[in-house]
Amino acid sequence: MGSLLKASSNVFRLEKVPFLSRSKTGQGIVPKRVAFRLATVASSLSASTGTVQHHPKSNSPDIAIPIMVNGCTGKMGKSVIKAADSAGLHIVPVSFGAEKESGQTVEVCGKEILVHGPSERESILASVFQEYPNLIVVDYTVPATVNDNAELYCKVGVPFVMGTTGGDRDRLYKTVEESKVYAVISPQMGKQVVAFLAAMDIMAEQFPGAFSGYSLQVMESHQASKLDTSGTAKAIISCFQKLGVSFDMDQIQMIRDPKQQIEMVGVPEEHLAGHAFHLYHLTSPDQTVSFEFQHNVCGRSIYAEGTVDAVLFLAKKVKSKEDKRIYNMIDVLREGKMR
């Protein structure tokens, strides 16, 4: 599959009336209505210092899997901890964060997690891995730390799930390939969204040039804290390019202003702090035909649940000593063990 397959769920509709319009103020693409929304409400969490007592929630062998969530002070990290706890996984009471977060204790799901800064990372990780030999690390940090974190995980030999976007992706894959460490790497962890992207990729492979001459408009709206362009949007645009559409990535309309998100995009106010609304509009050369692809996500639970599935998947691959070491969310979907 394509890049995000080193990377989404949604709808595909054919309409004769354009779904997008240009505002008179020149602000760009204005969605007139919401076609589809995956409503998932973000959750707050945290976790525990010292030794965490594991309280099994089921008889499943998956409960023995210890996970260390790096970036636990962030909303995505907290959501993953909550989902992992609900699934009965063992939350390790240690996490990595920025230097300014070092020494903080974050409480999530009744557990306390001690945050360590960059200077302590290697010795701490080696110690944790020795205590928990079946450890899986989950990374939801920041783009600037993606490569350094991956290099650390590979140096220590810890399997990991990389949900953080950005960084030098070629370098990331090269690092993992050379280390032989098991990893699931995907900038998109929402299983349904990934399935949509896979369908787009198949269409692009089987019908190259099918949309030659069509123009494309792309809008993506995320919470203001997301600084980089959506990896999912880039992957879908890549599919459109294979289908014959001429489009440069710098033409993506990124919406990060809360006022525009409410008025232009239709994001519910309660989800301004956590959402992903994407809209792709294709128009034929003579303006008589238009296609729209849209996927809207509110909250973070769709990504957190997908991350937990990736952890279970990776633990299984490590245990069976599979020859293949690097996986993506398409591999997780194909495994078929969805909760």
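Keep in mind that the numbers below use all heavy atoms, side chains included, and drop hydrogens, waters and symmetry copies. Computed from a prediction, not measured in an experiment: that's the story for all the values here.
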Donor-acceptor pair between Asp139 and Thr164 side chains, under 3.5 angstrom: yes
Spacing of CD1 belonging to Ile91 relative to CD1 belonging to Ile67, to within rounding of 0.5 Å: 4.0 Å
Residue pairs involving residues 159-168 (criterion salt bridge (Lys or Arg N to Asp or Glu O under 4.0 Å); sequence neighbours excluded): none
Non-hydrogen side-chain atoms of Tyr280 and Leu216 separated by less than 4.5 Å: yes
Val156 versus Ala126, closest heavy-atom pair with distance: CG1-CA, 4.0 Å
Atom pair NZ/OH of Lys319 and Tyr182 - distance to nearest 0.5 Å: 13.5 Å
Single-linkage hydrophobic cluster, 4.5 Å side-chain cutoff, Met68 and Val142 together: no
Lys191 and Asp309, any side-chain heavy atoms less than 4.5 Å apart: yes
Asp286: side-chain hydrogen bond (donor to acceptor under 3.5 Å, both in side chains) partners, not counting sequence neighbours: Ser284, Thr288
Tyr214 side chain reached by Val289 side chain, heavy atoms, under 4.5 Å: yes
Approximate separation, where rounding is to 0.5 Å, of Ser238 OG and Leu243 CG: 10.0 Å
Any side-chain donor near an acceptor of the partner, Thr307 and Tyr140, under 3.5 Å: yes
Gln192 vs Ile302 side-chain heavy atoms within contact, under 4.5 Å: yes
CA sep, side-chain torsions, deciding dist, call: Asn147, Leu172, side chain to side chain contact (heavy atoms under 4.5 Å, CB included): CA-CA 6 Å; Asn147 294 106; Leu172 171 61; 3.9 Å; yes
Chi angles and distances behind the side chain to side chain contact (heavy atoms under 4.5 Å, CB included) call for Val158, Val128: CA-CA 10 Å; Val158 185; Val128 171; over 6 Å; no
Rounded distance (nearest 0.5 Å) linking atom CD of Glu322 with atom NZ of Lys316: 8.5 Å
Beyond-backbone contact of Met329 with Leu333, side-chain heavy atoms, under 4.5 angstrom: no
Donor-acceptor contact below 3.5 Å, side chain Glu305 vs main chain Ala83: no
CA sep, side-chain torsions, deciding dist, call: Lys317, Asp331, salt bridge (charged side-chain N to carboxylate O under 4.0 Å, His left out): CA-CA 11 Å; Lys317 297 303 177 184; Asp331 297 312; over 6 Å; no
Distance (rounded to the nearest 0.5 Å) between Glu122 CD and Leu152 CG: 6.0 Å
Inter- and intrachain pairs under ring pair (Phe, Tyr, Trp, His ring centres under 6.0 Å), touching residues 141-171, at least two apart: Tyr153-Phe160
Nearest heavy atoms of Gly166 and Pro143, plus distance in Å: CA-CB, 4.0 Å
Non-hydrogen atoms of Ala84 and Val308 that approach each other most closely: N-CG2, 3.6 Å
Aromatic ring pairing Phe211/Phe291, orientation class (parallel under 30°, perpendicular over 60°, tilted between): perpendicular
Contact summary for Cys72 and Val115, nearest pair of heavy atoms: SG-CG2, 3.9 Å
Which atom of Ala276 lies closest to which atom of His222, heavy atoms considered: CB-NE2, 3.4 Å
Working for side chain to side chain contact (heavy atoms under 4.5 Å, CB included), residues Ile255 and Phe277: CA-CA 9 Å; Ile255 307 294; Phe277 279 36; over 6 Å; no
Connected via hydrophobic side-chain network under 4.5 Å: Val146 and Leu227: no
Pair listing, salt bridge (Lys or Arg N to Asp or Glu O under 4.0 Å) test, anchored in residues 172-188, at least two apart: Lys174-Glu178
Heavy-atom neighbours of Lys324 NZ exceed 12 at 6.0 Å: yes
Lys111 and Asp85, any side-chain heavy atoms less than 4.5 Å apart: yes
Result of checking Gln253, Lys234, His278, Arg256 against Glu220 for side chain to side chain donor-acceptor pair (under 3.5 Å): Arg256
Met189 side chain near Met76 side chain, heavy-atom distance below 4.5 Å: no
Where Ser221 and Val267 come nearest, the two heavy atoms and their spacing: OG-CG2, 4.1 Å
Gap between atom CD of Gln188 and atom OG of Ser230 - 0.5 Å precision: 7.5 Å
Contacts of type side-chain hydrogen bond (donor to acceptor under 3.5 Å, both in side chains), residue Ser95, not counting sequence neighbours: none
Any residue meeting side-chain hydrogen bond (donor to acceptor under 3.5 Å, both in side chains) with Glu101, in chain and number order, not counting sequence neighbours: Thr73
Side-chain heavy-atom pair Met203, Cys239 within 4.5 angstrom cut-off: no
Whether Ser127 side chain and Ser123 backbone form a donor-acceptor pair below 3.5 Å: no
Trace of the side chain to side chain contact (heavy atoms under 4.5 Å, CB included) decision for Arg325 with Val176: CA-CA 8 Å; Arg325 301 301 175 101; Val176 181; 5.6 Å; no
Centroid-centroid under 6.0 Å between Phe247 and Phe240 rings: no
Salt bridge present between Asp148 and Arg171 (N-O < 4.0 angstrom): yes
Sidechain-backbone polar pair: Asp248 side chain, Asp250 backbone, donor-acceptor under 3.5 Å: no
Polar side-chain atom of Gln260 near backbone of Val265 as donor-acceptor pair, under 3.5 Å: no
